[in-house]
Amino acid sequence: SVGEAVPASQKSSWASFLKSIASFSGDLSSLTAPPFILSPISLTEFPAYWCERPELFSAIADAKTDEERSIAVLKWFISTLKGQYTSRNEKLGSEKKPLNPVLGELFYGYWPNDATNRGQTNLIVEQVSHHPPITAYYIENKDKGLSLQGHNAQKTSFSGGSIIVRQIGHAVLTVKLPSGSTDTFLITLPKLRIDGLWYGSPYIELTEMSYIQSSTGWLSSIEYKGKGYFSGKSHQFKALLTPPSSSYPKHTFEGLWHLTSKNVKSGEDFTDVTSPKEEVTVANVDEQGDWESRKLWKFVAKGIREGDFEAASREKSKIENEQRQRRRDELAAGTKWELKHFDHIDSDPIYEELGRLFKANPSEEDAYIYRHNGPQFPPVPVPPTES
Ligand code: HCR
């Protein structure tokens with residue numbers, strides 16, 4: 001029978017959930033899953049994982065050369081992976097099924113400036129499609145001249161007892177340099193395998209490759225491996241940093257993305273994510289607008305957190321019915337839902353131009369361009385330095 005982590009009363013519903021995903025390809029988020037595997041957090045909150053070590057993000061702006069900047073970007077990127085892919089295991093006991101955002105759902109937050117003068121970083125997220133789910137985000141540290149714009153969708157399939165998730169979408173990091181020019185980085189996203197399903201305790205392993213291509217020519221090629229490869233440990237990576245127009249890497253970094261890693265040649269420490277991260281600051285639910293994620297899902301999340309799944313499912317149906325009615329009304333009126341913060345473009349010229357340098361696959365992708373019309377975030381005063 002199915003796994004030990006599944007409550008006795010939900011074993012048969014977990015078994016039929018597994019059966020339905022085995023014969024299914026596409027949008028997993030629409031499948032009904034048993035209560036024990038539900039997370040009270042919406043996918044619109046996930047872009048916050050990009051910035052939970054704000055000092056590493058802002059350090060990108062302080063790099064003195066193109067080479068140093070590419071190293072700083074790689075360091076920041078690798079250091080986000082633990083949050084992106086293992087934090088639900090730490091917080092909720094295992095990977096869980098996030099709330100499936102509604103079209104137009106919003107998530108706003110920020111990381112304040114501090115005594116190190118890292119600058120304030122703001123986060124704007126909008127759910128730009130419900131079916132398939134697509135989440136667009138814009139993260140900006142104006143003080144440091146940094147911005148990250150991206151979107152995320154997933155294509156899922158089932159293989160050898162695991163869910164395989166191909167991430168669709170990419171991110172573009174823009175760094176304004178003191179000289180007035182910019183360094184632009186195209187960031188592609190790794191493939192995921194969700195293992196541990198049979199036992200009812202899913203966790204993520206990253207597989208294959210992802211890339212970070214700088215407009216200066218520096219390229220990071222990152223290879224991911226799990227248990228049973230190289231050292232036999234989970235969450236391994238190896239990143240090669242190659243100079244412009246060269247086929248030979250100048251730097252190699254290797255280690256575990258959820259713990260520590262090293263520069264292979266020099267033996268110097270590279271990443272270390274064993275210290276606590278800094279969660280995004282978000283307005284109190286009662287001060288949020290109706291479309292803001294935590295306000296919108298407040299009662300569903302409460303039901304899930306308190307184990308009152310009847311209330312959770314009743315509240316979820318209310319939201320879904322309201323959404324269906326909205327879509328029917330739009331159809332009848334011949335109108336279309338308008339996005340609030342992003343404009344869709346069919347083909348992203350930055351993806352095409354930088355993707356060509358490392359033969360990105362696919363060779364073209366669409367994008368959501370931020371309209372620079374987000375909310376005013378509270379300017380947080382810098383705390384006085386101790387003397
Ligand atoms: C696949 C996933 C939804 C998408 C999540 C993404 C890919 C979203 C973008 C973030 O930057 C990184 C990220 C991390 C998550 O690991 C990944 C989710 C894991 C599970 C979830 C499925 C839709 C739900 C599967 C249901 C299982 C757990 C039973």
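Here the structure is a predicted model, which means the values were calculated and not measured. Indexing begins at 1, ligand by ligand and atom by atom, following the structure's order.
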Sub-4.5 Å side-chain heavy-atom contact between [X] and [Y]:
X      : Y      : result
Phe237 : Leu206 : no
Leu296 : Trp291 : yes
Thr121 : Tyr110 : no

### Lys/Arg-Asp/Glu bridge criterion (N-O < 4.0 Å) met for Glu67, Arg69
no
### Query
Are Glu310 and Arg314 ion-paired here, with the side-chain N under 4.0 Å from a carboxylate O?
no
### Query
Any chance the side chains of Ser215 and Asp183 put a donor and an acceptor closer than 3.5 Å?
yes
Contacting atoms of ligand 1, where contact means under 4.0 angstrom from a heavy atom of [X]:
X      : answer
Ile204 : 16 (O), 19 (C)
Leu28  : 25 (C)
Asn152 : 9 (C)
Trp14  : 29 (C)

### ligand 1 contact by Tyr85, heavy-atom criterion under 4.0 angstrom
yes
### Min heavy-atom dist Tyr203 to ligand 1 below 4.0 Å
no
### Summary
When every non-hydrogen atom of Gly169 is compared with those of Leu189, the smallest separation belongs to O-CD1, 3.5 Å
#### Entry: Distance-minimising heavy-atom pair for Thr135 and Thr44
CG2-CA, 4.1 Å
## Note on the structure
To atom 1 (C) of ligand 1, the nearest of Val165, Thr135, Ile37, Leu31 on a heavy-atom basis is Val165
### Message
Minimum distance, heavy atoms only, to atom 27 (C) of ligand 1: which one of Ile163, Ile164, Thr86, Leu192 is it?
### Response
Ile163
### Query
Do any nitrogen or oxygen atoms of Arg88 come within less than 3.5 Å of a nitrogen or oxygen of ligand 1?
yes
### Sub-3.5 Å N/O-N/O distance, Gln84 and ligand 1
yes
### Any non-hydrogen protein atom less than 4.0 Å away from atom 12 (C) of ligand 1
yes
### Message
Below 4.0 Å, non-hydrogen atoms only: which portion of Trp50 touches ligand 1? Side chain, backbone, both or neither.
### Response
neither
#### Entry: Closest protein heavy atom (residue, atom, distance) for atom 8 (C) of ligand 1
Gln154 NE2, 3.8 Å
